[in-house]
Amino acid sequence: MAEAVTAPGTLRTVLSDARLVAAKDLRLELRSRVGISQVLPFALLVVLLFAFALDPDRRVLGAATPGLYWMVVLFSSVLAVGRSFGVEAEDGVLDGLRLSGLSPAGIYLGKVGALLVELLVLDLVLALAVVVFYGTDISGPVLLAAVVGTATVGIAAAGGAYGGLTARMRGRDTLLPLLLLPLLAPVLIGGTRGVEVALGRDAGPGWPWVGLLGIFALVYLTLGTLMFRPLLEDA
Amino acid sequence: MSDAPLTGPHDDPESSDAETPEHFDLTPRTAAATSSSKGSGKKWIAVAGVGVVVVALAFVLFNGLQSASTFFYNVDEAVAQTSTLDTTRFRMQGNVVAGSVTTTSDGVDFVIKYKDAQVPVHHVGDPPEMFGPKIPVVLEGAFAANGKKFESDEIMVRHDSTYDEKNEDRVREADQDAKQRATG
Amino acid sequence: MAPVVHLQQAVALIGRFPALAGVDLDVDAGEVVLLRGPNGAGKTTLLRACAGLVPVVSGTATVLGCDLVADRGAVRRRVGLLGHATHLDDDLSVTENVDFWSQAAGATRADGRAALERLEVATRLYDLPVRALSAGQRRRVSLAAVLARRPELWLLDEPHAGLDAAGRDVVDGLMAEAASVGATVLFASHELDRAEAVARRTVVIAGGAVQDDEVGEGHDG
Amino acid sequence: MTTSASATGTTSGAGTPAPTSTASTATRVLGAATLVGIALLVVFGVFVSPPDKELGETIRILYMHVPTVSVAYLAFIVTAVGSAMYLWKRTEFWDLLAASSAEIGVVFFGLTILNGMLWGKITWGVFWRWEPRLTTTAVLFLTYIGYLAVRAVPASPRTRATRCAVVGLLAVVNIPIVHKAVDWWRGLHQERTIFGTLKPEIQGTQAFAAYLGLGVFLLLFAWLLIHRFRVAFLAERAAESGLEGAIAERRQEAGQ
């Protein structure tokens, strides 16, 4: 995998490219307000619907909370990833990026960085919603933050790679979840178990899950950085 | 109609970053100026990346990560810590006492034993198929408020029940395992 | 000196359709070349192929010394393409868009501002989201982003489309000026009278191939 | 590579066959050897080998179950190698190899899940249990369904190949992570079923049938892979052969 995937540019240009792209994406997200006015309400809606489906008074909801939390995060993430690359497909912006001279690794890392910020905001709001509506107690805040943080980096890293892959494809709205959700199965499992431990619902240790989530994030960040060049050039 | 006057060729393309907007210089940036970083000697980045991935995956495969799911107390350890455990959830390992199993309306009641400590258990839900007398199991749940009874909602069979003669070994292994986790 | 664009029997596919079916074309540095031909002749594909966006699958294709058949990524940062799409983010302001593309290409914000002024984009529009602009204004902003890159090869797909008379004059002036300072311009247009006044050479494209290639007379600049 | 295969069926040439170097006579021999091997497997697996002490007659399902899952994993490793090599060499061979192998892998993964469910119905009384291996298999099956979905989106050969290569690599690195996550998740909830204990426990004709099954399915994989590769290769040629006509037709437009 030599020259086809080598990222051009020194580390410094890659990072400054990443900062440029991330700043643009975040500014765009702030201006368009789609995240705040659509993705976030959607996520909150699902939180409420789960409560209707699983009568909160029968303790089922309490037991299922960590899993539900991550299901909502995953589905909202698919929307966020789709949007992050959807805006690029509009009016040929993706072609613009291909022509721009920005390093592919920089574009990838910038996209992932912006996604990460958006998803962390989503995580936080959802966590507050869960605490309020499901009456959840947090017994291990440090572990909780670590689990949510590493899992979200993993989601953003894998989402960035598959978002770039599907950006120009026909049927990307359906293809993206089909590709992304099975890939994120370990994040769902690890995130759910880790949060269960952090909420005192599971008796096992939680930090090994953080380790596994961290490795997931590391592996996909690395591969995404390497693969974005062929993706941008040929896909 | 304000056709800008044509500018002459510049020798130094960088000089045109100057603030003379009316005469923005169109002299092309040279390849050197724009793609200074087009590198064929960057193969090491790919190699390093592949290395990172391989090492990380090998770490996962060869148990570099400690298990997240085998942490439990043996019955005697749990009994000794009844007051500190209070009603928090934990996992408890022991053998099902022969003849103690009775089916209830919402699950099963039995006594679990390890070394000389015994605890009566009320389990809610269906026990797994392999469940039965003398089987080593790991329960998940919490002591009831009085600390005399264990309320379980999950039974995990520790290993294959068909090798009765090996049970002692397995239990010993589990014992060491639990100690290791608890201390380290 | 090697030609800036050198195509020999170049074939490019859109899906499985041969949009370019064997193009032979050489363009030297400093030339302004008009591409004309009916709709669907392959003009846009030719421009996009030269930009390294559409792969050339057979034949020879060298642009700015980069072999497009082997590695079409290398040429991209050195050309400026004005396509039908404007490459602008609707929700960002004019200056935010131009700043982003300028900085992405290694230019400065000042370059972007200067380019906007060259295209006579009114300063009152600078802070408006691009979504609020008319098609012609968008086109100017888009062209400013190309201009700020100061590309070696200008690839303009119908640069006059949607522009008012003043805007067309600006574009013509820019093309002539770019060529005079060493850049090369390849543009497609249906505004034949106007275009032929700027271009010294007209290449007629039809059926995905070059049908006619004539150097105009009397336009020596 | 296939000369001794028909006799014992225990070894296979699961190398990477190229259509140019593997003549059709060779694949015929390979196919015949596979058929003979399957017949032998049926004889040994169903009739000759005794039922297992603990698993009873259901052990016979394992003579097929273990080979299918092994071949499925092998197929995905071949896909990953093909994907990586494609990104490096950019040649059609590696792309077609990766795609052909992925298709076969999905089929074998599907078979694994089917006969795993069959075994579960007999042993546990239910088709599905959230047993670590079944769960892992299901996740990976869906992952590679995604690969085939990407493959099916029309695009130029190079674009399609690049996309598929990226998916092939992103998917394969997930295998150990999924394994670990599912093992931890389900680790204590179910004992390792028989797969963990099979190898040291069985002997004699049972062991022979198990290894025979593995060998036969490796042959089957090689045979399928060669043929699938060739079909893919010929499909590419067919698509290309239309190109000259299309170019001529395209140039006709100029005359009008």
Side-chain angles (χ1 to χ4, degrees), chain A residues 1-6 154 157-158 161-162 164-172 174-194 196 202 204-205 208-209 211-220 222-224 226-235, chain D residues 80-81 83-91 94-95 130 132 135-189:
Chain A
M1 266 191 286
E3 56 189 280
V5 284
T6 45
Y162 272 145
L165 180 86
T166 53
R168 296 156 51 82
M169 289 175 81
R170 211 172 66 186
R172 73 183 149 89
T174 41
L175 202 55
L176 181 63
L178 176 64
L179 287 171
L180 195 52
L181 292 177
L183 199 78
L184 292 177
V187 175
L188 180 63
I189 294 173
T192 303
R193 299 299 119 176
E196 278 178 353
D202 185 287
W209 288 114
L212 191 67
L213 290 169
I215 282 183
F216 182 95
L218 177 70
V219 164
Y220 281 98
T222 311
L223 280 182
L226 292 179
M227 302 270 185
F228 217 69
R229 185 177 179 76
L231 276 187
L232 204 62
E233 283 182 6
D234 288 311
Chain D
V81 171
S83 300
M85 290 302 289
Y86 175 78
L87 287 181
W88 184 15
K89 299 287 186 193
R90 297 284 181 175
T91 53
W94 293 110
D95 171 50
W130 292 98
T135 310
T136 305
T137 311
V139 169
L140 295 177
F141 180 68
L142 289 172
T143 306
Y144 281 89
I145 291 280
Y147 179 96
L148 297 186
V150 170
R151 192 89 199 159
V153 174
S156 74
R158 188 177 166 107
T159 301
R160 190 185 61 177
T162 305
R163 288 169 176 168
C164 286
V166 171
V167 177
L169 285 173
L170 289 182
V172 81
V173 297
N174 210 21
I175 291 179
I177 304 180
V178 171
H179 257 283
K180 195 74 180 177
V182 172
D183 262 5
W184 280 355
W185 178 39
R186 299 276 88 175
L188 270 177
H189 295 225

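Lettering follows sequence order; numbering is per chain, from 1.
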Non-hydrogen atoms of A/L183 and D/L170 that approach each other most closely
CD1-O, 3.6 Å
Taking every heavy atom of A/P186 against every heavy atom of D/N174, the minimum-distance pair comes out as CG-OD1, 3.6 Å
Side chain to side chain, A/P230 and D/R90, heavy atoms closer than 4.5 Å:
yes
Heavy-atom pairs under 4.5 Å with chain A, option from D/V173, D/T135, D/L140 with the top count:
D/V173
In Å and rounded to the nearest 0.5 Å, what is the [atom1] to [atom2] distance from [X] to [Y]?
| X | Y | atom1 | atom2 | answer |
| --- | --- | --- | --- | --- |
| A/L179 | D/L142 | CG | CG | 11.5 Å |
| A/R229 | D/T162 | CZ | OG1 | 12.5 Å |
| A/Y162 | D/R163 | OH | CZ | 13.0 Å |
| A/I189 | D/W184 | CD1 | CH2 | 11.5 Å |

Please classify the contact of [X] with chain A as side chain, backbone, both or neither, using a heavy-atom distance under 4.5 Å.
| X | result |
| --- | --- |
| D/V178 | both |
| D/F141 | neither |
| D/A155 | neither |

Contacting moiety of A/L175, where chain D heavy atoms sit under 4.5 Å
side chain
